[in-house]
There are 2 protein chains.
Amino acid sequence: MAVTIDDIAKAAGVSSATVSRVLNNSGYVKDETREKVLKAIKELNYTPSAIARSLSKKKTNTIGVVVPEINNPFFGEIIKGISEVADEHNFNLILCNTDEDIKKELRALKLLKEQRIEGILITPTSTDSDYSSEYLWTIENLGIPVVLIDGHVKYSNFNGVFVDHIKGAYDAVKTLIDEGHEKIAIITGRMNSRPARERLAGYKKALKLHNIPIKEEYIFYGDYTHEKAYEITKKILEMKDRPTAIFVSSNMMVLGCIKAFSENNIEIPKDMAIIGFDKVEVLNIIGMNISFINGPTIEMGKIAMKMLIDILNNSQATDTKTINLSPQLVLKGSEKYVR
Amino acid sequence: MAVTIDDIAKAAGVSSATVSRVLNNSGYVKDETREKVLKAIKELNYTPSAIARSLSKKKTNTIGVVVPEINNPFFGEIIKGISEVADEHNFNLILCNTDEDIKKELRALKLLKEQRIEGILITPTSTDSDYSSEYLWTIENLGIPVVLIDGHVKYSNFNGVFVDHIKGAYDAVKTLIDEGHEKIAIITGRMNSRPARERLAGYKKALKLHNIPIKEEYIFYGDYTHEKAYEITKKILEMKDRPTAIFVSSNMMVLGCIKAFSENNIEIPKDMAIIGFDKVEVLNIIGMNISFINGPTIEMGKIAMKMLIDILNNSQATDTKTINLSPQLVLKGSEKYVR
DNA sequence: TGATGGAATGTAAGCGATTACATAATTAGA
DNA sequence: TCTAATTATGTAATCGCTTACATTCCATCA
């Protein structure tokens with residue numbers, strides 16, 4: 001690690017400025033000189049220091065990525081998308097996993113700012129907690145371009161790539177209605193999260209527009225966990241006026257439903273129709289015909305990264321950029337069996 | 001971003017050295033002075049530059065993480081483990097996703113070296129390709145501590161946290177034998193990957209030690225994909241002397257098997273026993289009783305990161321450190337039904 | 001009261017690159 | 001052959017910190 005640009009300069013018998021020119025393909029360098037320099041670089045196994053370069057150029061070519069749960073493939077795919085575009089544009093990625101802990105999120109932001117990253121891509125923890133105002137304040141005062149991914153931050157308008165949860169939920173429920181269902185239950189997410197609220201809104205909207213009365217008994221408040229969904233589903237199955245379809249507000253919760261179904265020999269979609277928000281790839285691979293509403297994860301990552309690059313290149317523009325992606329409904333068999 | 005340590009110094013009426021002392025809690029600083037400095041920092045919303053600090057300290061407190069497939073939860077969990085420990089020790093993570101492309105892997109290594117990271121955690125692409133010698137050379141000449149995670153690099157001894165694939169496979173197959181199975185098939189991974197070869201070896205060892213002849217017809221060469229496993233499983237089901245159990249060499253391939261099973265109304269484990277290498281959490285959540293051999297992913301990430309920190313703290317020690325983790329067999333119901 | 005030594009702060013030289021500016025070498029044009 | 005333009009290279013300041021060393025301040029003690 002000891003070898004520096006000066007060592008190369010000495011070895012090649014030139015000045016460090018010349019070596020720098022070779023390194024950056026800038027300015028004038030005689031071919032012969034370039035050869036000498038390249039030779040020295042190779043012989044000494046020299047790798048320039050991005051740190052020093054960053055300091056003098058005031059440019060790190062690094063962006064920060066903040067996700068709440070790295071081991072969830074949903075975020076894994078977003079990162080995959082980000083990383084693809086970042087690669088193409090020679091950006092490095094500093095990753096921060098926050099475990100849905102807003103304190104860690106705050107810490108991550110501080111840390112990233114210290115690293116002098118050029119921009120941040122962040123999938124905000126989906127909670128309106130006590131810290132959220134501090135959180136907001138921090139983001140706004142970061143002085144660094146931020147692009148949010150899937151998850152509006154309350155009361156604020158930031159750049160971002162968002163999923164239209166209302167429309168997604170609406171589409172899902174409408175599909176069920178079109179198939180003839182009228183008794184449609186919903187299992188919501190944590191209601192202090194915006195996506196959960198919006199999905200519920202989409203559910204209600206679809207019912208209303210199709211003149212189906214909204215029954216409070218059909219609205220079940222979940223918390224995004226499969227355990228809770230499992231409990232809820234068992235209850236649903238015991239109802240005397242049992243729903244014929246369930247709209248499930250998250251992928252993990254779908255799993256809980258399925259478990260309850262299989263324990264009670266409920267066949268999908270013969271005995272019960274189900275549509276979930278955000279796919280569980282595995283289920284389709286093993287041949288289960290579960291329909292999903294999908295936020296296009298990899299795509300979202302790509303778009304967000306492109307948006308960020310765009311912002312970096314036009315730093316004078318101050319208007320906030322927003323893209324709303326419509327989640328896509330992937331139907332798998334459910335329609336075949338309708339009454 | 002314009003505000004520097006000198007601005008703070010000026011604002012607080014001290015020298016930059018004093019500000020630095022406050023920042024790092026080093027040397028002597030009068031309480032009164034400290035207050036002034038902290039006040040200035042707060043008022044000017046100052047964040048020190050990690051870049052400049054790294055340059056002068058020759059220490060970045062950053063480590064590089066290289067994974068082949070970020071959207072696979074297997075790696076997501078490893079990263080989660082890494083990130084947990086890294087957090088505790090104030091290390092930053094630069095993430096490189098390589099898409100199983102050894103060229104990208106090489107590029108990532110170069111990039112990380114430029115960033116002057118302190119160490120690298122790498123889950124090598126599981127292929128012995130044409131580039132592997134260059135790859136090896138690069139790793140060895142990096143001059144940076146490397147800890148491998150799950151995947152020996154051919155012919156080399158590096159620091160690393162490994163899974164004992166032979167033992168894992170052996171345990172799995174032995175379990176099947178103990179349950180009374182004698183006709184046990186295996187679906188292997190890509191044979192140019194070391195884990196695949198070792199798992200096959202474990203399979204053979206178990207049969208041999210229990211005096212069950214190894215039949216070539218029961219060895220099926222897969223490629224880690226669920227599609228291929230699906231095809232293979234269909235063929236297995238059509239065999240006249242059909243196996244009663246299958247040992248499947250990867251988690252994705254288990255999914256292909258299950259699909260084929262369900263299409264043919266094969267019940268697990270009544271009609272066919274199956275044990276897979278590396279879990280698919282989702283299957284257990286939905287109540288499917290599939291047994292798995294698990295490399296403890298999160299744990300591996302943690303251990304690897306701890307090992308790296310250990311190495312960084314004892315840079316004089318030159319012996320290579322190696323930990324072999326025994327994968328754990330998680331039985332789910334399969335035993336209940338044996339003949 | 002002056003010597004002594006710890007506490008508090010400042011000065012300035014790096015860290016390893018980039019780059020504005022100066023200068024030297026080469027080429028072309030008249 | 002001389003001048004002007006181009007090309008090629010070097011010098012040194014700079015980026016924002018840390019830190020060795022120097023200096024000043026102040027309390028304590030003989």
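On a predicted model such as this, the values are computed, not experimentally measured, just so you know. Order of the sequence lines fixes the chain letters, A, B, ..., with proteins taken first and strands second; residue numbering starts at 1 for each chain.
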Please report, rounded to the nearest Å, how far the [atom2] atom of [N] is from the [atom1] atom of [X].
X        : N      : atom1 : atom2 : answer
A:Leu55  : D:dC17 : CG    : P     : 9 Å
A:Ile51  : D:dT18 : CD1   : P     : 14 Å
A:Lys10  : C:dG16 : NZ    : P     : 12 Å
A:Arg116 : D:dC17 : CZ    : C1'   : 10 Å
A:Leu23  : C:dG16 : CG    : P     : 15 Å
A:Lys113 : D:dG16 : NZ    : C1'   : 15 Å
A:Ile41  : C:dA17 : CD1   : C1'   : 13 Å
A:Glu32  : D:dA8  : CD    : P     : 11 Å

Would you check if the side chain of A:Thr62 reaches a backbone N or O of A:Leu93 as a donor-acceptor pair within less than 3.5 Å? no
From the list A:Val161, A:Ile122, A:Ile120, side-chain contact (heavy atoms from CB on, under 4.5 Å) partner of A:Leu148 resolves to A:Ile122
Taking side-chain contact (heavy atoms from CB on, under 4.5 Å) as the criterion, tell me which of A:Leu308, A:Ile323, A:Thr322, A:Thr320 meets it with A:Asn159.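 When A:Leu308, A:Ile323, A:Thr322, A:Thr320 are each tested with A:Asn159, the side-chain contact (heavy atoms from CB on, under 4.5 Å) holds only for A:Thr320.
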With sugar-phosphate meaning primed atoms plus P, OP1 and OP2, does B:Asp6 contact a base, only sugar-phosphate, or nothing at under 4.0 Å between heavy atoms? nothing
Beyond-backbone contact of [X] with [Y], side-chain heavy atoms, under 4.5 angstrom:
X       : Y       : result
B:Asn45 : B:Val3  : no
B:Leu23 : B:Ile5  : yes
A:Glu84 : A:Asp87 : no
A:Asn97 : B:Lys80 : yes
B:Tyr46 : B:Asp7  : no

When the rotation axes relating C1' atoms of four end pairs to the next four are compared across the helix from C:dT1-D:dA30 to C:dA30-D:dT1, five pairs an end, they differ to 10° by 50°
Go along nucleotides 5-11 of chain C 5' to 3' and tag each nucleotide: B for a protein heavy atom under 4.0 Å from its base, S when only backbone or sugar atoms are that close, - otherwise. --SBBBB
Which residue lies more 5' along DNA chain C, comparing A:Ser26 with B:Ala52 via nearest heavy atoms: B:Ala52
May I ask you to verify if any side-chain N or O of A:Lys59 is less than 4.0 angstrom from the OP1 or OP2 atom of D:dC15? no
Of C:dC15, C:dA17, C:dT18, the nucleotide closest to the side chain of A:Ser20 is C:dT18
Side chain of B:Lys58, heavy atoms from C-beta onward: which of C:dC15, C:dA17, D:dC15 has the nearest atom to it?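 Closest nucleotide among those given: C:dC15.
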For A:Asn61 versus A:His89, what's the shortest heavy-atom pair and its separation?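 Shortest heavy-atom separation between A:Asn61 and A:His89 comes out as ND2-O, 4.0 Å.
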